[in-house]
Amino acid sequence: MIAMEWDAAIQNFEHYLKLERSLSDNSIEAYRSDIQKLQRYASEELAIMQPANISTKDIQGFLGFLYDLGLSAHSQARILSGIKAFYKYLVFEDFIQINPSGVIEGPRLGRKLPDTLDLPEIEKMLDAIDLSTPEGMRNRAIIETLYSSGLRVSELVNLKIPHIYFDIGFLRIIGKGNKERLVPIGSDAQKYTR
């Protein structure tokens with residue numbers, strides 16, 4: 001085990017991310033920024049000058065510090081993820097023996113529901129389409145199909161003509177993970193799709 005100051009440990013980690021993990025410069029910069037936040041907290045608040053001297057309790061205190069600063073749960077989770085990767089690397093390279101971040105759980109992240117349009121917004125969007133052009137007819141078919149069938153945009157983009165069954169009012173959709181399903185297609189969508 002080699003005693004290492006923060007700057008040297010961070011620099012070694014950056015080389016590892018670039019050479020071994022082939023990460024982009026932006027990703028490496030994000031990791032560096034997260035670890036430097038912990039470094040500043042450790043050196044200024046705790047007088048800890050080496051990453052090997054950080055304890056689990058110190059990292060928990062740092063997360064509390066981030067919370068007190070008003071950082072969102074998502075930002076806290078991202079910073080913790082960078083710190084965990086850093087300490088996993090230090091253990092892997094035998095710079096430390098015990099990962100102080102290993103047992104720390106990040107903040108609970110609620111699932112954000114997607115934004116949806118209400119009926120007047122949908123009607124306004126449909127009314128804005130110029131149906132006198134082929135592009136307008138296509139656009140109306142796209143929007144009607146998306147909304148009547150509840151498709152993801154990626155599913156609509158990959159929809160093939162042979163997968164449209166007008167006679168029974170269904171679409172055969174290949175979704176995430178190549179899973180296949182049948183979904184109904186509304187009558188307005190059928191009118192503009194034909």
Side-chain angles (χ1 to χ4, degrees), residues 13-35 37 63 66 70-89 92 101-102 104-194:
F13 183 55
E14 287 177 39
H15 291 308
Y16 162 77
L17 294 175
K18 187 171 194 81
L19 300 174
E20 299 292 326
R21 301 235 344 244
S22 301
L23 295 185
S24 71
D25 291 341
N26 288 342
S27 295
I28 293 169
E29 174 58 34
Y31 276 108
R32 179 189 315 118
S33 174
D34 294 340
I35 298 160
K37 286 176 178 65
L63 293 174
L66 295 177
L71 259 65
S72 71
H74 284 279
S75 294
Q76 293 173 46
R78 186 188 52 76
I79 291 169
L80 179 60
S81 175
I83 290 168
K84 283 178 169 273
F86 175 64
Y87 276 100
K88 278 183 189 176
Y89 161 77
F92 178 73
S101 69
I104 298 176
E105 290 187 24
R108 297 246 183 255
L109 301 176
R111 291 189 61 170
K112 184 178 183 289
L113 294 175
D115 292 332
T116 58
L117 299 175
D118 59 24
L119 188 57
E121 291 172 318
I122 293 171
E123 289 172 349
K124 188 175 177 182
M125 183 172 50
L126 291 174
D127 290 342
I129 297 172
D130 180 4
L131 296 177
S132 66
T133 67
E135 292 82 11
M137 292 296 283
R138 178 205 59 208
N139 293 344
R140 180 71 182 247
I142 287 171
I143 292 170
E144 291 284 357
T145 304
L146 276 172
Y147 280 96
S148 74
S149 302
L151 302 180
R152 296 178 182 96
V153 172
S154 61
E155 292 171 338
L156 181 75
V157 168
N158 292 314
L159 181 63
K160 307 284 186 245
I161 297 293
H163 295 168
I164 303 173
Y165 304 104
F166 289 112
D167 52 333
I168 58 171
F170 278 91
L171 304 172
R172 191 173 91 202
I173 302 299
I174 311 296
K176 286 185 173 181
N178 259 353
K179 291 183 182 171
E180 195 172 301
R181 69 185 196 282
L182 288 177
V183 296
I185 181 171
S187 57
D188 282 346
Q190 286 187 50
K191 179 172 78 175
Y192 288 102
T193 305
R194 290 181 189 239

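G186 and S148 get closest at one heavy-atom pair: N-OG, 3.1 Å. Nearest heavy-atom pair across K37 and I79 is CD-CD1, 3.8 Å. When all heavy atoms are compared, the tightest approach of Q190 to I185 is NE2-O, 3.2 Å. Of all heavy-atom pairs spanning G136 and I129, the tightest one is O-CG2, 3.1 Å. Residues P184 and F170 approach most closely at N-CD2, 3.6 Å, considering heavy atoms. The two atoms that bring Y147 and L117 nearest to each other are OH-CD1, 3.1 Å, heavy atoms only.
To the nearest 0.5 angstrom, L171 atom CG is 13.5 Å from K160 atom NZ. S33 OG to R78 CZ: the interatomic distance, rounded to the nearest 0.5 Å, is 6.5 Å. Once rounded to the nearest 0.5 Å, the distance linking CG of L131 with OG1 of T133 reads 7.5 Å. Atom OG1 in T116 sits 8.0 Å away from atom CD in E121 (nearest 0.5 Å). One finds the OH atom of Y16 at 11.5 Å from the CD1 atom of I28 (value rounded to the nearest 0.5 Å). Atom CD1 in I122 sits 12.0 Å away from atom CG in D127 (nearest 0.5 Å).
Other residues, nucleotides and ligands contribute at most 12 non-hydrogen atoms within 6.0 Å of the CG atom of N178. Atom OH of Y165 is surrounded by more than 12 heavy atoms from other residues, nucleotides or ligands within 6.0 Å.
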Would you sort out whether R152 and V157 count as a side chain to side chain contact (heavy atoms under 4.5 Å, CB included), showing the intermediate values? CA-CA 9 Å; R152 296 178 182 96; V157 168; over 6 Å; no

Derivation and outcome, side chain to side chain contact (heavy atoms under 4.5 Å, CB included), residues R140 and L126: CA-CA 7 Å; R140 180 71 182 247; L126 291 174; 3.6 Å; yes

Chi angles and distances behind the side chain to side chain contact (heavy atoms under 4.5 Å, CB included) call for E155, I174: CA-CA 7 Å; E155 292 171 338; I174 311 296; over 6 Å; no

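Contact of the R138 side chain with the E135 side chain is registered, since non-hydrogen atoms from C-beta on lie closer than 4.5 Å. No side-chain heavy atom of I104 sits under 4.5 Å from any side-chain heavy atom of I83. Using a 4.5 Å heavy-atom cutoff, the side chains of L80 and L66 are not in contact. With contacts defined as side-chain heavy-atom distances shorter than 4.5 Å, the pair I173/K179 does not qualify.
Side chain of E180 to main chain of R172: no donor-acceptor pair is present (N/O by atom type, distance under 3.5 Å, no hydrogens or angles). At distances below 3.5 Å, not a single donor-acceptor pair connects side-chain atoms of E144 with backbone N or O atoms of A141.
When the ring-ring contact (aromatic ring centres under 6.0 Å, His included) test is applied to F13, the partners found at least two apart in sequence or on another chain are Y31, F86, Y89. Contacts of E14 classified as salt bridge (charged side-chain N to carboxylate O under 4.0 Å, His left out), with partners at least two apart in sequence or in another chain: R32.
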